[in-house]
Each structure stands twice: as structure tokens, then as C-alpha cells.
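Read the structure below first, then the notes.
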Amino acid sequence: MSLLDELKWRGMIQDIMPGTAEQLAKEMTAGYIGFDPTADSLHIGSLVPILLLVHLQRAGHRPIALVGGATGMVGDPSGKSEERNLLDEQTLQHNLKGIRIQLEKYLDFGSSSPNAALMVNNYDWFREIHFLDFIRDVGKHITVNYMMAKDSVKKRLEGSGGMSFTEFSYQLVQGYDFYWLYKNRQCRLQMGGSDQWGNITTGAELIRRKEGGEAFAFTCPLLTKSDGGKFGKTEKGNIWLDPRKTSPYQFYQFWLNAADEDAAKWIRIFTFLSRGEIEDLIRQQEKNPAERIIQKTLARELTIFIHGQAEYESALETTAKLFSASGSMETLSEEDLHAMEGIVKSAFSRNRLQAGVDVISFLADTGILPSKGEARKMIQNGGVRINRGKIEDVQFQVDSHLLLHDKYILVQKGKKNFYLVEAG
RNA sequence: GGGCAAGUAGUCAAGUGGCCAACGACAACAGACUGUAAAUCUGUUCUCUUCGGAGUUCGGUGGUUCGAAUCCAUCCUUGCCCA
């Protein structure tokens, strides 16, 4: 199966330029994707582009990961209804470094293989370019009419927020990236999210007009959730790839909690399982949806891919212990509790516990809930459990006899948010 | 520089002198039901609280008034039109 056919049945192709398939069949092709340095870690929204590069490399082509040191200074207006804040250079450098380290984990940059991945920073070439040169050599080839016809621009012109010249120019800047890579790295292909289509075609247009060259592109659909929510966001914010920002346990839980409909879609996109294996899983899911076989497989594959086997196993173990219906608190050993990586831990004074303290102060002081008022409301709503027992009374006293192994108290806020309080 | 319009909670958006911590929608969180789903129903969502209340809000500042999101002045920001 060709790369494009493979990506197609996985549901990873939205738009594609004619001739792309022929180009990929003809020779080893270098293809690039740009990553936005708006944070010092990639989050799961960037996972699809990463996987596109991985697929590209597996099919024997050369992936190029571009980090946007220059474009990050301008700000991509695509999908944004308002003008963006610009990043200062120091933050930018910090973010670039973090992203670089992560990308190195998923792509093979070993220089020995003929299709080793490349990493480039577009600031390296933009640093040298002067404004006048740019508007003469690049701006001359693209008409304003062409630029205004882009969706990302049109929407902003129709909206009430306006658009600065800076953001308007963005597509030219990104377009130039493609041109530069075409000229200097023999890059013939650009990929990205479908929101990038406008920027990508500007690049291809530039290559055509300036060099008479041919460039290709395809985009993948932007992920949505079946309930219309934003993909990759939870109540705790983004799901990051960096284990210091999102623990492997939380990462595992995110995928495990996918809606059935989403899980079936996502498992094709995010795992490398074969078509047969996936269809098999879907059949099993239909037979017994409560088993959530797809979610479990999805969570397993991804946690291993991002964090490794060991982290997956400990996330799975923590999950089993926290959620197993039969497991009473007594079955949790001290080691079990201690090893629960990823659930939030906080400390509480042992002396105060011995004296006894009301739940409300306890919840507020451990930071599990932000204030006493909220702690009270949450208890009245029935949303707090201590050592698995629901707290019904706001007067409830917390004291040292609740300590498990004379050391820990397990607090639940809602069904899925666990906190381990350690007496110290 | 001139004319017009707008700025209200996470977002959208009502409110045009007291009944306003501010209708509603969305979103989010929690509960029930379930499969750690979805859908549905219920509660909560400015901050703090000893649950009695208290404090700070409607772009900023100043004013009128017993009383201002609401009236006036001024400044800031944004959009549209003209130069």
C-alpha cells in the first residue's frame, strides 16, 4: 500500500495537490511540516503532524521538521479571530529548544540512513533577509488579491477584530520557508493541518512563480471531538507530551476517556496498527462496548509511543488500583500508594491531623480546592471522597485515624481526580 | 485630521437611574444514570465566608445623584466611512 493510500484510510488526508502521489512514487521526496514555538513543549495537537512525518519516514522519504523561530515572531492568523501576542526572543529560544528535544525522540535523525530526518529553524535564513529585499524578491511575485482571497485573511477582514499588516504578511513568510527548503534542501512537499492549506499553497505558488518549479502538498483534517469540544483540552488544560507537564498517568487517562466515536477515529490516526487489527478491534468494541477495548488499545499504544513501556505499565497499574471496583483501601499497599506516579500529591502537617481538622480547611489548605467556599460547595454537591468514602457532612473531621499506612490520605474530587495527601 | 459605531463575567450576549453580582445561550465543574462513555435530568460557575453575610465588578479616570453598567466630561482601545 502506498503512503498516500495508507494515510487515506487512516483518515489523515483532507486536501491534496494533484501530482503528489506521482511525485512520491517517483523518488525519495523530502517533505516538511512547521511547528509553532508557542510553548516549550509540544502537546497532543502536534501529534498528528509528528505522525505524518513518521509515516513519511517509514515510507522511505525524508522528513523535515521546521521549527518556526521566525514565523513564531510574526504569528499565524489561521484559525485565530484576534491578533496574537508576539513572543519575545528569549521565550522563543527556550521554546525552540524544548520542541527540538521532543522531536528528536520520535524521528530518526541518524545521519547514516539515506532518508534521515532534518531539523531546521526558519530564523536561520530569515535573520539574513532585509525588509526591502524581501518585498522586492518575494512580495513581487504574489499579488495582494491572491493573499486576500485566503480564508484566514477573508475571515478577519469580515470580522470585527481587524488584522495587522504583520499577520497579513504571515503567509508570505511561511511561503518563503517552503521556497527556501525547495531551493536549499530539495524539499518538494509540505504537509500540515488543513488550517494551513492557505499558507501552503502560497508557498507552492511562490516556487512556481519564482523558479518555475513544482511543489506538492497535502493536509490532514483538524481533529474535533464528537461533542464539539476542542481536541486535546481537558479541565486541566492542554495535554502535553512533556511528562513534567502532563504525567504519563494523565496522558493515559486522556485517551482512555475518549468517546467511542472518537476512539474509533483516533486509533487509526494515532497508532501504527494495521487495518486488519483495527477493524478487529472495532468489531470487538461493537460486541461489548463496556469493555472499551479501543480506548484501552489507543491509550496503550500512545503512552508507549510517547513515554515508553515502563511508564505505560505504571500508568496502567495506577489506573487499575484507583478504579478497580472491588479494591478497598486496605488492599492498597504502601508501595502501591507511593508508586502512584501522576496523581497529584500534596503534604499536610501531621500535627494538625493528630489534633483533627475540619474537611473544609483540609481541602482548602492542601490546595485540592481553591477556597473554603468552593470546598463547601463541592461537598454539598457530593463531589468529595476521602479514602473512597463519600463525604456528606461539611462538619466532617479529618484526623490521623484516616491515614493509610500511617502516612497517606487518598482524596477524590469528582470521580476521576485523585489526590494523595502525605502527612509530614 | 473629520464623521459614525462599539467596548458588560471563560466566550457570545441582554440590561439604558434603584427590584443588579447583573436575563439568556454556550462552555466548564460536580451529582444521578452508565462503561472512568455518549445522550438525558439536577446543582454550581466574580472573590472571600464563621453560610448569617462581607467585599470588588460592567474599557480607564473624574463628575452629577440619596442611589450609576445605565446620565455627563475626558482619556484609551477597536471597527467602518471620508481626508
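By convention in this document, chain letters (A, B, ...) are assigned in the order of the sequence lines, proteins followed by strands, and residues within each chain are numbered from 1.
In this structure, the CD atom of A:E392 is 13 Å from the C1' atom of B:rA32, given to the nearest Å. Between A:K413 atom NZ and B:rG31 atom P the separation is 11 Å, expressed in whole Å. In this structure, CE of A:M378 is placed 20 Å from P of B:rC51, rounded to the nearest angstrom. At whole-Å resolution of the value, CH2 in A:W266 and P in B:rA38 are 11 Å apart. Between the CG atom of A:D358 and the C1' atom of B:rU49 there is a distance of 13 Å, given to the nearest Å. Computed from coordinates, the A:F323 CZ to B:rU34 C1' distance equals 15 Å when rounded to whole Å. The CG atom of A:L369 sits 19 Å away from the P atom of B:rA28 (whole-angstrom rounding). Between A:K265 atom NZ and B:rA37 atom C1' there is a gap of 15 Å when expressed in whole angstrom units.
Taking 4.5 Å as the limit, every side-chain heavy atom of A:K390 sits out of range of all side-chain heavy atoms of A:Q412.
Using the six-membered ring where Trp is involved, A:W180 and A:W125 have ring planes that are parallel, under 30° apart on the 30 and 60° scheme.
The base-pairing partner of B:rG67, taking Watson-Crick or G-U wobble contacts with both distances under 3.5 Å, does not exist among the strands shown. Look at B:rC4: its Watson-Crick or wobble partner, with both distances under 3.5 angstrom, is B:rG79. For B:rA73, the paired nucleotide is B:rU61, the pair qualifying as Watson-Crick or G-U wobble because both relevant distances are below 3.5 Å. B:rU47: Watson-Crick or G-U partner is B:rA54, with both key distances under 3.5 Å. Checking B:rA30 for Watson-Crick or G-U wobble geometry (two distances, each under 3.5 Å) identifies B:rU42 as its partner. Base pairing analysis places B:rA37 opposite nothing; no Watson-Crick or G-U wobble pair with both distances below 3.5 Å involves it.
Spacing of P atoms, B:rA73 relative to B:rC20, comes out at 28 Å, to the nearest Å. Distance noted for atom P between B:rG59 and B:rU11: 13 Å (whole Å). Spacing between B:rC29 and B:rG67 at atom P, rounded to whole Å, works out to 43 Å. Straight-line distance between the P atoms of B:rU70 and B:rC51: roughly 36 Å, to the nearest whole Å. Rounded to whole Å, the separation between the P atoms of B:rG62 and B:rA27 comes to 40 Å. Remark: the separation of the P atoms in B:rG53 and B:rA5 is 44 Å, to the nearest Å. Across B:rG7 and B:rG15, the matching P atoms stand 11 Å from one another, rounded to whole Å. Between B:rC23 and B:rU8, the two P atoms lie 16 Å apart (nearest whole Å).
Side chain of A:T201 to backbone of A:W197: a donor-acceptor contact under 3.5 angstrom is found.
Ranking B:rA32, B:rA37, B:rU44 by closeness to the A:D260 side chain, first place goes to B:rA37. Which of B:rU49, B:rA37, B:rC48 sits closest to the side chain of A:A259 comes down to B:rA37. For A:K415, whose side chain is taken as the heavy atoms from C-beta onward, the closest listed nucleotide among B:rG43, B:rG31, B:rU34 is B:rU34. Of the candidate nucleotides B:rU36, B:rU50, B:rU45, B:rU50 has the atom nearest to the side chain of A:R376. Counting only heavy atoms from C-beta on, A:N417 has its side chain closest to B:rA30 among B:rU44, B:rU36, B:rA30. Out of B:rU49, B:rG35, B:rU36, the shortest distance to the side chain of A:S371 is found at B:rU49.
Using a 4.0 Å heavy-atom criterion, one finds that A:Q380 contacts no nucleic acid atom at all. Across all strands, A:G382 comes closer than 4.0 Å only to sugar-phosphate atoms, never to a base (heavy-atom distances). At the heavy-atom level, A:Q253 lies under 4.0 Å from base atoms of the strands shown. Note on A:L322: nothing from the nucleic acid sits closer than 4.0 angstrom, heavy atoms only. A:K296 comes within contact range of no nucleotide atom at all, as no heavy-atom separation falls under 4.0 Å.
With A:W255 as reference, A:F270 is the one residue of A:F305, A:Y249, A:Y312, A:F270 to meet the ring pair (Phe, Tyr, Trp, His ring centres under 6.0 Å) rule.
In B:rG52 the base sits syn relative to the sugar, since the glycosidic angle is no further than 90° from 0.
Of all heavy-atom pairs spanning A:Q253 and A:T319, the tightest one is NE2-OG1, 3.2 Å.
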Between A:L52 and A:M12, does a side-chain contact (heavy atoms from CB on, under 4.5 Å) hold up when you go through it step by step?
CA-CA 8 Å; A:L52 283 176; A:M12 292 172 86; 3.9 Å; yes

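Nearer the 5' end of RNA chain B, as judged by each residue's closest nucleotide, is the contact made by A:A290, out of A:A290 and A:K372.
OP1 or OP2 of B:rA37 lies within a sub-4.0 Å distance of a side-chain N or O belonging to A:K416.
Within 6.0 Å of atom NZ in A:K97, 12 or fewer heavy atoms from other residues, nucleotides or ligands are found, so the atom counts as exposed in its surroundings.
With 3.5 Å as the limit, one finds no donor-acceptor pair spanning the side chains of A:D40 and A:N95.
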